[in-house]
Amino acid sequence: MSETFGHRLRRLRGSKQLSVPRVAQGADLSSKYIIDLEAGHRTVMTPESATRLAAALGVSLQVLNAPVTIVVMTGHVNIDTLRDAQKVA
């Protein structure tokens with residue numbers, strides 16, 4: 001079974017010994033947002049949030065491999081992971 005994004009986020013945060021509030025502050029996100037991501041209650045995020053979260057964790061976007069939503073003129077297009085988005089581009 002593959003690792004969920006929430007589990008990966010929690011593992012990365014733990015490996016860096018970073019608290020939820022510290023990551024949230026570094027990513028300019030709320031602690032609740034981080035907790036919801038880790039628990040799987042949020043299933044997508046904006047590319048901007050993913051970029052800030054990766055920077056707060058000190059990892060690349062590829063390592064974070066976050067589920068993102070890309071906003072286009074016709075609406076929202078859900079992209080499961082950045083890796084899948086790169087395949088489409």
Review point. Taking all atoms of both residues into account, what is the closest heavy-atom pair of Ser31 and Ala24, and its distance?
Key: N-CB, 3.6 Å

Check your understanding: Does the side chain of Arg13 reach to within under 4.5 Å of the side chain of Arg22, using non-hydrogen atoms?
Key -> no

Review point. Atom CD in Glu48, atom CG in Leu29: separation rounded to 0.5 Å?
Key: 11.0 Å

Review point. Does a side-chain heavy-atom distance below 4.5 Å link Lys32 with Ile35?
Key: no

Review point. Between CZ of Arg42 and CG of Leu9, what distance do you get to the nearest 0.5 Å?
Key: 12.5 Å

Review point. If only atom types and distance count, is the side chain of Ser49 paired as donor or acceptor with the main-chain N or O of Met45 below 3.5 Å?
Key: no

Exercise for review: Measure the shortest side-chain to side-chain distance between Phe5 and Arg10 over non-hydrogen atoms and say whether it is less than 4.5 angstrom.
Suggested key: no

Review point. Where is the tightest heavy-atom contact between Leu64 and Ala50, given as atom of each residue plus distance?
Key: CD2-O, 3.5 Å

Check your understanding: Are more than 12 heavy atoms from other residues, nucleotides or ligands located less than 6.0 Å from atom CZ of Arg52?
Key -> yes

Study note, to complete from the structure: Note: Leu57 and Lys16 closest approach over all heavy atoms is O-CE, 3.2 Å

Check your understanding: Rounded to the nearest 0.5 Å, how far does CZ of Arg8 lie from OG of Ser15?
Key -> 12.5 Å

Check your understanding: What pair of heavy atoms forms the shortest contact from Ala27 to Ala56, and how long is it?
Key -> N-CB, 3.6 Å

Exercise for review: Determine whether Leu53 and Leu37 make a side-chain contact, defined as any pair of heavy atoms from C-beta on separated by less than 4.5 Å.
Suggested key: yes

